[in-house]
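Chain identifiers are assigned alphabetically (A, B, ...) following the order of the sequence lines, protein sequences preceding nucleic acid strands; residue numbering begins at 1 within each chain.
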There are 2 protein chains.
Amino acid sequence: MKPIYVTIIEDHDDFREGLNHVLQFTEGFSCVDAFYSVEEALPRLQDSDVILLDIHLPGRSGIESIGSIKQKLPTSKIIMLTVFDDDDHVFKAIMAGADGYILKKTPPAQVLTAIQDAAQGGTPMTPYVARKVLDLFKKYAPTPSKEHDLTERELEILGQLVQGLDTIELAEKLFISRETVRNHIKHIYEKLHVHSRSQAVAKALKEGIA
Amino acid sequence: MKPIYVTIIEDHDDFREGLNHVLQFTEGFSCVDAFYSVEEALPRLQDSDVILLDIHLPGRSGIESIGSIKQKLPTSKIIMLTVFDDDDHVFKAIMAGADGYILKKTPPAQVLTAIQDAAQGGTPMTPYVARKVLDLFKKYAPTPSKEHDLTERELEILGQLVQGLDTIELAEKLFISRETVRNHIKHIYEKLHVHSRSQAVAKALKEGIA
DNA sequence: GACAAAATGACTCAAACGGGTTATAGAAAA
DNA sequence: TTTTCTATAACCCGTTTGAGTCATTTTGTC
């Protein structure tokens with residue numbers, strides 16, 4: 001069976017070489033390269049199944065480099081290595097499209113499992129990091145509150161309001177009179193208990209209606 | 001050392017009893033109770049470190065029950081058991097405050113690890129589920145795009161627009177003339193490249209400006 | 001002190017908006 | 001069958017808004 005090809009980018013020599021050895025001597029894994037910085041790695045990057053990337057690196061940080069690496073090797077999965085959890089960094093790494101987040105203190109056996117998980121399309125996460133991610137998630141996700149009770153048509157129109165259309169544009173887009181549009185909007189206001197377009201738009205976005 | 005006390009709520013007999021036995025015969029774990037439904041469990045729930053809760057249950061579903069269980073046992077950690085990933089259910093479970101999500105096909109050894117992780121405040125997640133969560137996250141999180149270049153005052157006013165204030169309310173709140181407010185708003189429009197309040201509000205919310 | 005940004009304020013004007021009321025046709029529910 | 005709900009449409013009225021131009025003061029920087 002083909003081994004999983006792994007590239008390491010990590011400035012801490014001991015950790016990098018330790019990982020390197022584990023990978024070399026474990027059946028089913030193969031370490032393609034091991035770099036100490038992104039600057040060194042980028043021009044020489046070879047196709048890998050998984051890239052282990054330190055989140056804190058001298059020079060270009062791991063987070064900033066996710067994009068460049070993904071561009072060069074679009075199919076490779078990137079697992080971030082972090083020393084401790086840092087809400088802001090975790091958030092940025094997620095948005096940049098990393099495929100896993102594990103603490104450096106994770107025992108080698110679990111690192112190997114994580115590499116396998118990532119190679120298979122999962123997103124391995126240290127439970128401690130996962131907790132941070134979910135807390136962030138709850139903070140940012142829309143909180144669908146009460147029933148809005150909007151009809152199909154009203155939802156459609158609210159959606160267009162969020163897109164920024166005005167009454168006339170909406171009327172033309174839906175092939176109805178502007179008066180009808182105004183009527184629907186009035187009903188939306190009543191049902192959402194708001195009194196202006198911007199309030200309706202804000203409510204729609206905050207509660208994930210549109 | 002005190003064992004980790006676990007309660008199981010799962011309608012599938014084989015799975016429930018299997019887990020029960022594993023917990024009984026593993027050092028460091030103790031199964032407090034094993035129920036086949038939330039209705040049966042709720043009145044008889046005893047304090048536990050971790051509760052394993054099936055996401056699909058006859059009668060009251062696991063998700064709907066998270067709230068009731070958390071209310072009765074606020075310090076217990078709840079790990080959801082899922083057969084397959086279902087974006088919508090995972091999302092709801094997260095918002096309801098579950099502390100872990102693992103697939104039922106997870107091998108017993110890893111279930112035990114997950115129980116330990118949850119007991120220690122982490123959020124163990126099967127990598128496959130974690131992938132779904134992160135995809136959802138990216139979908140809902142604001143995507144800070146370009147520079148908006150707004151001044152302090154303009155940001156303040158944009159924030160109030162998002163809250164739904166109209167020009168006059170804003171003027172009164174900030175102790176300035178309504179004409180000044182309108183001027184600021186005009187500048188905001190120019191900088192955000194929009195032409196109406198609702199567009200400005202939508203942009204502010206989508207890009208996390210306000 | 002000179003200069004550039006901000007913040008403040010005022011004026012105009014047409015267009016859009018929010019709030020009412022009313023009406024009709026068709027679909028769905030009672 | 002009658003009633004309710006939905007989508008459609010029109011009209012009125014007063015207010016707000018968006019866009020433009022201009023002016024003053026404050027603030028920060030060179």
task = Would you check if there is a donor-acceptor pair between the side chains of Thr7(B) and Arg44(B) at a distance under 3.5 Å?
result = no
ask   = What are the 5'-most and 3'-most nucleotides of DNA chain D lying under 4.0 Å from any heavy atom of chain A?
value = dT6(D) to dC12(D)
request  = Decide if atom OH of Tyr36(A) counts as having more than 12 heavy atoms of other residues, nucleotides or ligands within a radius under 6.0 Å.
outcome  = no
note = The reported gap from CD1 in Ile63(B) to CD1 in Ile78(B) (rounded to nearest 0.5 angstrom) is 11.5 Å
request  = Would you check if His56(A) and His89(A) make a side-chain contact, meaning some heavy-atom pair closer than 4.5 Å?
outcome  = yes
Side chains of Arg197(B) and Arg197(A) in contact at under 4.5 Å (non-hydrogen atoms) = no
ask   = Taking CD from Glu152(B) and C1' from dA7(C), how many angstroms apart are they, rounded to a whole number?
value = 13 Å
key: Rounded distance (Å) that lies between atom P of dA16(C) and atom CG of Leu170(A)   = 13 Å
message = Quick check on dA16(C): is either OP1 or OP2 less than 4.0 Å from any side-chain nitrogen or oxygen of Ser196(B)?
response = no
key: d(NZ, Lys191(B); C1', dA6(C)) in whole Å   = 8 Å
inquiry  = From CD of Glu190(B) over to P of dA5(C), roughly how many Å is that when rounded to an integer?
reply    = 14 Å
request  = Look at Asp117(B) together with Arg131(A) and state whether they make a salt bridge at an N to O cut-off of under 4.0 Å.
outcome  = no
ask   = Is the shortest distance from a Lys or Arg side-chain nitrogen in Arg16(B) or Asp54(B) to a carboxylate oxygen in the other one below 4.0 Å?
value = no
request  = Taking the side chain as every heavy atom from C-beta outward, state whether Ser65(A) and Leu42(A) have any atom pair closer than 4.5 Å.
outcome  = no
task = Nearest whole angstrom, please: distance from the C1' of dA15(C) to the NE2 of His195(B).
result = 15 Å
ask   = Rounded to whole angstroms, how far apart are CZ on Arg153(B) and C1' on dG9(C)?
value = 13 Å
ask   = Where along residues 176-189 of chain A does a heavy atom come under 4.0 Å from DNA chain C, residue by residue in number order?
value = Arg182(A), Lys186(A), Tyr189(A)
